[in-house]
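Have a look at the structure below before the remarks.
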Amino acid sequence: MNNNIPFLNASIAQALDYTAPILFAALGGVMSENAGVVNIALEGMMRFAAFFGVWGSFVSGNAWVGLLWGIGIGIALGALHAYITVKWAGNQIISGVAINVMAMGMITYLLESIFKTTGYSPPVAYFGAPASKVHLTFLKGIPILGAFAELTILIWFALILVVVLHFVLYHTVLGLRIRAVGENPHAAETLGVNVFKIKWFAVITGSVLAAFGGLALSLGTLSSFTNSMAMGKGFIGLAAMIFGNWTPFGALGAILIFACAQVLQLFMQGTATGFAKLIPLGFYLSLPYMLTIGALIGVVGKAVGPAADGIPYEKES
Amino acid sequence: MKDVLKRIVFGKKEKYWWMTAVVPLISILLSFIVGAIFIKITGRSPVLAYKLLFGASGLFPGPYWKSHFAEMLLSSSMYIATGLGFAIAAKGGLFNIGAEGHFIVGGIAAAYLGYAQPFAGLPKFIHLPLIFVGVILAGGIWGSIAGYLKAKRGIHEVITTIMLNWIALYLIEAWLVIGPMEAAVETGISGTPYISVSAKLPKIFAGTRLNISIIIILAVTFFIWFLFYKTTFGYEIRAMGHTLIFGMEAPKAGGINVERKTIQTMFIAGAVAALGGAFMVLGVLFQYPPIFEGGYGFDGIAVALIGQNEPLGVILAGILIGALRTGATTVQLAHIPKTFPSIIEGFTVGFIALQVLIRYWIMRLVEGRKKAIQVDMGGGAK
């Protein structure tokens, strides 16, 4: 029995590794959409940041510098999205599509022109290196808690961020203003809230969070950038945000359910017999998306977004 | 004369009838400028890059023009299909991100009907139409799921179409292609079996891969134009599209069954985008491979936006994107990756998202600064 404990802990640690990038993306979506700006560019932002993080780390030899580069590109992309959608009331979906398409082309271009390779970058200094992990040795032998003994700093940051974001959104004036802007911007304006300022802030912060998702992939899980990043993780984040009812803890819960589907799939592949073996792999992979549609229909829980989500705000003159 | 031209080509009333054409043209031009700056910054030669890009694009005569031209039309037919998929839904006020899913659903349907036994022995003139009926039904039904969820449950179609894209991808590539539809091991083929000869699209240009797909899609585009601008059915969808975005009740009050129209619009959009996948399978790959080179669906959004959701515009934009993608294979000679056109495409879409600003600039040029404050806000999908 005791032999199972390291295995169990390793599995949970692996699930957390899977969770962190998606969680960052989902939290980025929560931030932006609570202020009424839809962001389907989470995927593209992750791709940009994953690359820039590796680039920064490659140039400096220091993962922290890479982190800063990733945050920098997150701010830049957030500012671009906000400039189009908030300043000029452009269509939020079109702007998101533009960023996603740009991410596809531009990152492949930069990958080949900077590292002279196709498909992947050379390995760089990263947070997943044994020395850079957060060591909590006293937890090691304990079932379940032992999974937290050796995690990257980015995973810890993602988990802490859930609490922080919940606190900011529901227990501070700023959070109240953000949600007011997302629900009814005209009413918020009447009460003296600067709608544009709040939206700019939320979009850029959300974009930086999505950038952390990309960084968690390239500097947390792996130590390099691969051209197939972010492999749809941004879209799973989007699904998790919706399934989690546009709240931080909801998003975390949704991702844990999705992660269970992943674990279940691995388990079933290995040991299933009889009927369970008939369930194809594709079913488990598409489960997150089916559950999300289910939540929107009201079959699995209930998902209702901010009232003014996706509607460009224009001052009445 | 100007009025007639305006109605035929653009079919929308705007203060300056040419605005619909000028905004995308300026966006494309700006993107090429930004693209050139980007190439310059990374230490390559923009002049050489663009020379190679357009030299091999099939747009201009030159060496190997015949094959470039054929390849351009071949890929354009797929971009036009997915572009129409977006544009049709946009006419009805719906934002269809699902062309990627419709495309692969069309592809798998075409592959199955192309190799499956009861059909594979039929003569070509029966087999091909039969496949297309199947493709249209498969794509249409997949598309109308999002339409149904929008109409009956009020769920935003952007979310459902994104989710349905991934569901389609995983069900096809992680189930059908490696399961029930997998080619027998002893054939040594990965993916589905190859389609029978009777399922291949006839070639129309000797010595090249060009087949009738471009003719089919041009006919479909004409049909869509006719449907939207010459029939009551299309008028009702456009009426719905014009007002749906403001949440108005006018079409309902006017006797239009908005729910049914929404489902029908998404059916047509899905069916047309699925044709693109069928072209890919029946004219290029001849099977559904283990991993489909995707992206046509997302590029379709760009095509539709550049074409301002008008049938003629979608054809022109589809040819442009097809040409860029064809030419892109040679830009590698200038040490530039072949995904370079995505950068141009991304920036063009970005500038189109900024069309309010571009319209403002144009108005300022035309009318002087004062009047431009009242920016003409028309156009766009939403």
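Labels below follow one simple rule: chain letters A, B, ... track the order of the sequence lines, proteins then strands, and each chain is numbered from 1.
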Could you look at A/L110 and say if it's the side chain, the backbone, both or neither that has a heavy atom under 4.5 Å from chain B? side chain

Do you know which of B/G295, B/G350, B/A353 has the most heavy-atom pairs under 4.5 Å to chain A? B/A353

Describe, in one word, how the ring planes of B/W166 and A/Y289 are oriented to each other, choosing from parallel (under 30°), tilted (30 to 60°) and perpendicular (over 60°). parallel

Run A/I94 and B/F95 through side chain to side chain contact (heavy atoms under 4.5 Å, CB included) and show every step you take. CA-CA 10 Å; A/I94 300 181; B/F95 224 108; 3.7 Å; yes

Counting only heavy atoms not in B/L333 (residues, nucleotides, ligands), do more than 12 fall under 6.0 Å from its CG? yes

Which atoms of A/L80 approach chain B - backbone, side chain, both or neither, heavy atom under 4.5 Å: neither

Can you tell me if A/F196 has over 12 outside heavy atoms packed within less than 6.0 Å of its CZ? yes

Separation between CZ (A/F283) and CH2 (B/W175), nearest 0.5 Å, reads 11.0 Å

Below 4.5 Å from any heavy atom of chain A, which atoms of B/I39 appear? Answer side chain, backbone, both or neither. both

Given that the side chain runs from C-beta out, which part of B/I97 has a heavy atom under 4.5 Å from chain A: side chain, backbone, both or neither? side chain

Within the structure provided, determine whether A/M290 and B/Y170 are in side-chain contact (heavy-atom separation under 4.5 Å). no

What part of A/T292 is in contact with chain B, defined as an atom under 4.5 angstrom from a non-hydrogen atom: side chain, backbone, both or neither? side chain

Given heavy-atom pairs under 4.5 angstrom as the criterion, report whether the side chain, backbone, both or neither of B/I167 touches chain A. both

Interatomic spacing from NE2 in B/H156 to CD1 in A/I93 - rounded to 0.5 Å: 6.0 Å

With rounding to the nearest 0.5 angstrom, report the CG to CG distance, A/L285 to B/L169. 9.0 Å

What option among B/F340, B/F351, B/F347 has the most heavy-atom pairs under 4.5 Å with chain A? B/F347

For B/Y112, does the OH atom sit with more than 12 other heavy atoms under 6.0 Å from it, leaving out its own atoms? no

Most chain B-contacting option - heavy-atom pairs closer than 4.5 Å, from A/Q92, A/K87, A/M106: A/M106

Tell me, side chain or backbone of B/I343 under 4.5 Å from chain A's heavy atoms, or both, or neither? both

Would you check, one step at a time, whether the test side chain to side chain contact (heavy atoms under 4.5 Å, CB included) holds for A/I293 with B/L149? CA-CA 9 Å; A/I293 290 182; B/L149 292 173; 3.8 Å; yes

Which pair of heavy atoms, one from B/S342 and one from A/G105, lies closest together, and at what distance? CB-CA, 3.4 Å

Does any part of the side chain of A/V101, heavy atoms only, come nearer than 4.5 Å to the side chain of B/V349, both counted from C-beta? no

Nearest 0.5 angstrom please: B/L354 CG to A/S95 OG, how far? 7.5 Å

Rounded to the nearest 0.5 Å, the CZ atom of A/F243 sits from the CD1 atom of B/I159 at a distance of 13.5 Å

Once you round to the nearest 0.5 Å, how far does CG of A/N91 lie from CD of B/Q355? 9.0 Å

Looking at every non-hydrogen atom in both residues, tell me the closest pair between B/G346 and A/M102 and how far apart they are. O-CE, 3.5 Å

Does any heavy atom of chain A fall under 4.5 Å from the side chain of B/I162, the backbone, both, or neither of them? side chain

Hey, are the side chains of A/M104 and B/F298 touching, using non-hydrogen atoms and a 4.5 Å cut-off? no

For the interface with chain A, which of B/I336, B/I178, B/L176 has the highest count of heavy-atom pairs at distances below 4.5 Å? B/I336

Counting neighbours of OH on B/Y50 that are heavy atoms of other residues, nucleotides or ligands and sit closer than 6.0 Å, is the number greater than 12? yes

